[in-house]
Amino acid sequence: MIDPAKLRRDNRDLCRLAGRKFSFEVETLERAMKKIGRRLPREAHRQARLLAEAERLAGHPKLSLMLDAEEIVGAQAALRAALERIDPKERRKGMVLSTLVMAAFHLIAVFALLVAVLLWRGFL
C-alpha cells in the first residue's frame with residue numbers, strides 16, 4: 001500500500017528539482033514536464049506520467065490497490081537520476097555558444113556574399 005501523502009511529497013520534490021534544473025516554478029509534476037518539453041528523454045516523461053497517475057489513484061481507497069509500489073519507487077529513482085544529470089550551467093553555456101556560432105556563420109555568409117557580388121560586378 002502506498003501512502004498518498006508520501007507520494008505527493010515525493011512528486012513535489014521531483015517538481016522542485018525539475019524547476020531548479022530548468023529555471024521555472026510550477027506546482028505539479030505534469031506541468032513541470034510540459035515546461036521541460038523535449039529537453040528530457042522520452043523515458044523520463046513516461047516515468048513522470050506514471051508518477052502523476054499514481055498520485056491521482058493513490059487518493060482513492062480501492063484504486064490505490066492497483067498501484068505497484070516497486071514500479072513507483074523505480075520511476076521516482078529513474079526520474080530523479082535523469083533530472084540530476086542535467087547541469088544548468090552547461091545548458092546555458094551551450095545555448096550561448098550555439099547563438100555565437102550561429103551569428104559567426106551568418107557574418108561569414110554575408111561577407112562571402114558581399115565578396116561574390118563585388119567580384120561579379122567587377123569591383124574586385
Side-chain angles (χ1 to χ4, degrees):
M1 182 84 182
I2 300 207
D3 181 26
K6 182 183 181 320
L7 185 60
R8 241 186 326 275
R9 190 172 49 249
D10 290 343
N11 283 357
R12 191 176 52 235
D13 291 344
L14 285 170
C15 185
R16 284 186 189 140
L17 177 62
R20 274 198 317 273
K21 295 292 185 167
F22 290 99
S23 304
F24 60 78
E25 259 185 59
V26 293
E27 272 115 52
T28 65
L29 195 55
E30 290 172 309
R31 284 193 181 146
M33 296 314 280
K34 280 184 183 178
K35 280 228 180 244
I36 290 171
R38 293 181 357 189
R39 292 179 281 180
L40 264 185
R42 187 176 294 164
E43 187 59 33
H45 281 277
R46 274 194 212 108
Q47 304 296 342
R49 207 174 313 119
L50 176 92
L51 291 172
E53 182 70 15
E55 184 177 354
R56 190 178 65 77
L57 293 178
H60 194 281
K62 289 188 178 182
L63 294 178
S64 66
L65 297 175
M66 293 175 22
L67 297 174
D68 182 15
E70 291 176 12
E71 187 178 17
I72 291 172
V73 169
Q76 286 173 341
L79 184 58
R80 185 174 303 281
L83 287 171
E84 286 175 350
R85 281 193 300 264
I86 303 296
D87 184 12
K89 290 179 185 173
E90 191 66 33
R91 272 188 52 247
R92 278 189 222 106
K93 186 171 72 172
M95 284 191 315
V96 168
L97 286 175
S98 174
T99 304
L100 289 174
V101 166
M102 192 169 45
F105 174 76
H106 286 125
L107 285 172
I108 291 170
V110 167
F111 182 72
L113 187 63
L114 177 67
V115 168
V117 168
L118 288 175
L119 282 173
W120 179 49
R121 301 286 295 181
F123 293 109
L124 287 182

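Quick caveat, the model's predicted, so the values are computed rather than measured.
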Engineer: So with a 6.0 Å cut-off around CD of E27, is the heavy-atom count from everything else above 12?
Structural biologist: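 No, because the 6.0 Å sphere around CD of E27 holds 12 heavy atoms or fewer from other groups.
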Engineer: Is R80 reaching over with its side chain to a backbone N or O of D13, donor-acceptor style, under 3.5 angstrom?
Structural biologist: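 No, the answer is negative, given that no donor and acceptor are paired below the 3.5 Å cut-off.
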Engineer: Are L119 and F111 in one and the same hydrophobic cluster, where Ile, Leu, Val, Met, Phe, Trp and Tyr link if side-chain heavy atoms are under 4.5 Å apart?
Structural biologist: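 Same cluster.
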Engineer: Measuring from atom CG of L83 to atom CG of L17, what distance do you get when rounded to the nearest 0.5 angstrom?
Structural biologist: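 CG of L17 is found 5.0 Å from CG of L83.
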Engineer: Should M33 and L79 count as side-chain neighbours, where that means a heavy-atom distance under 4.5 Å?
Structural biologist: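 Yes, close enough: below the 4.5 Å cut-off.
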Engineer: Working to the nearest 0.5 angstrom, can you tell me the gap between R56 CZ and L7 CG?
Structural biologist: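 Answer for the CZ-CG pair, R56 versus L7, is 12.5 Å.
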Engineer: Could you grab the distance from atom CZ of R9 to atom CD of E55, nearest 0.5 Å is fine?
Structural biologist: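 Result: 11.5 Å between the selected atoms.
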Engineer: Which atoms form the tightest heavy-atom contact between A32 and A18, and what is the distance?
Structural biologist: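 Distance-wise, the nearest heavy atoms are CB-CB, 4.4 Å.
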Engineer: Any side-chain heavy-atom pair from Q76 and N11 closer than 4.5 angstrom?
Structural biologist: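 They are in contact (side-chain heavy atoms under 4.5 Å apart), so the answer is yes.
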Engineer: What I'd like to find out is whether the side chain of K93 reaches to under 4.5 Å of the side chain of V96, using heavy atoms alone.
Structural biologist: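 Side-chain contact under 4.5 Å: no.
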Engineer: Linking I/L/V/M/F/W/Y whenever their side-chain heavy atoms sit closer than 4.5 Å, directly or via other members, would I108 and M102 fall into one cluster?
Structural biologist: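 They do not share one cluster, since no chain of ILVMFWY contacts under 4.5 Å joins I108 to M102.
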Engineer: Check for me, please, whether I2 and M66 land in the same ILVMFWY cluster - side-chain distances under 4.5 Å, paths through other members count.
Structural biologist: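 Cluster IDs for I2 and M66 match.
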Engineer: Distance from L113 atom CG to H106 atom NE2, nearest 0.5 Å?
Structural biologist: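 With rounding to 0.5 Å, CG (L113) is 12.5 Å from NE2 (H106).
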Engineer: Test your reading of the model: is there a side-chain donor-acceptor pair from R39 to the backbone of I36, 3.5 Å cut-off?
Structural biologist: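 Such a contact is found between R39 side chain and I36 backbone.
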Engineer: Applying a strict under-4.5 Å side-chain criterion to I, L, V, M, F, W and Y, I'd like to know whether V117 and V115 cluster together.
Structural biologist: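 Cluster IDs for V117 and V115 differ.
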Engineer: Would you say that more than 12 heavy atoms from the other residues, nucleotides or ligands in this model lie under 6.0 Å from the CD of E25, or not?
Structural biologist: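 No - once you tally the heavy atoms of other residues, nucleotides and ligands closer than 6.0 Å, there are 12 at most.
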Engineer: When you compare the side chain of L40 with that of I86, does any pair of heavy atoms fall below 4.5 Å?
Structural biologist: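 I86 reaches L40 side chain to side chain.
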Engineer: Any chance you could measure L29, atom CG, to R8, atom CZ, to the nearest 0.5 Å?
Structural biologist: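 Between L29 CG and R8 CZ, I get 13.5 Å after rounding to 0.5 Å.
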Engineer: Within a 6.0 Å radius of atom CD on E70, are there more than 12 heavy atoms belonging to other residues, nucleotides or ligands?
Structural biologist: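 Open.
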Engineer: Hey, what do you get for NZ (K34) to NE2 (H45), rounding to the nearest 0.5 Å?
Structural biologist: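 Result: 12.0 Å between the selected atoms.
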Engineer: Would you mind reporting whether I72 and D10 have side-chain heavy atoms less than 4.5 Å apart?
Structural biologist: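 With C-beta onward as the side chain, the pair stays apart.
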Engineer: The criterion is side chain to side chain contact (heavy atoms under 4.5 Å, CB included); which residues satisfy it with F123, sequence neighbours excluded?
Structural biologist: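 So F123 forms a side chain to side chain contact (heavy atoms under 4.5 Å, CB included) with L118, R121.
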Engineer: Is the side chain of S64 donor-acceptor paired with the backbone N or O of H60 at a distance under 3.5 Å, no angle test?
Structural biologist: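 Such a contact is found between S64 side chain and H60 backbone.
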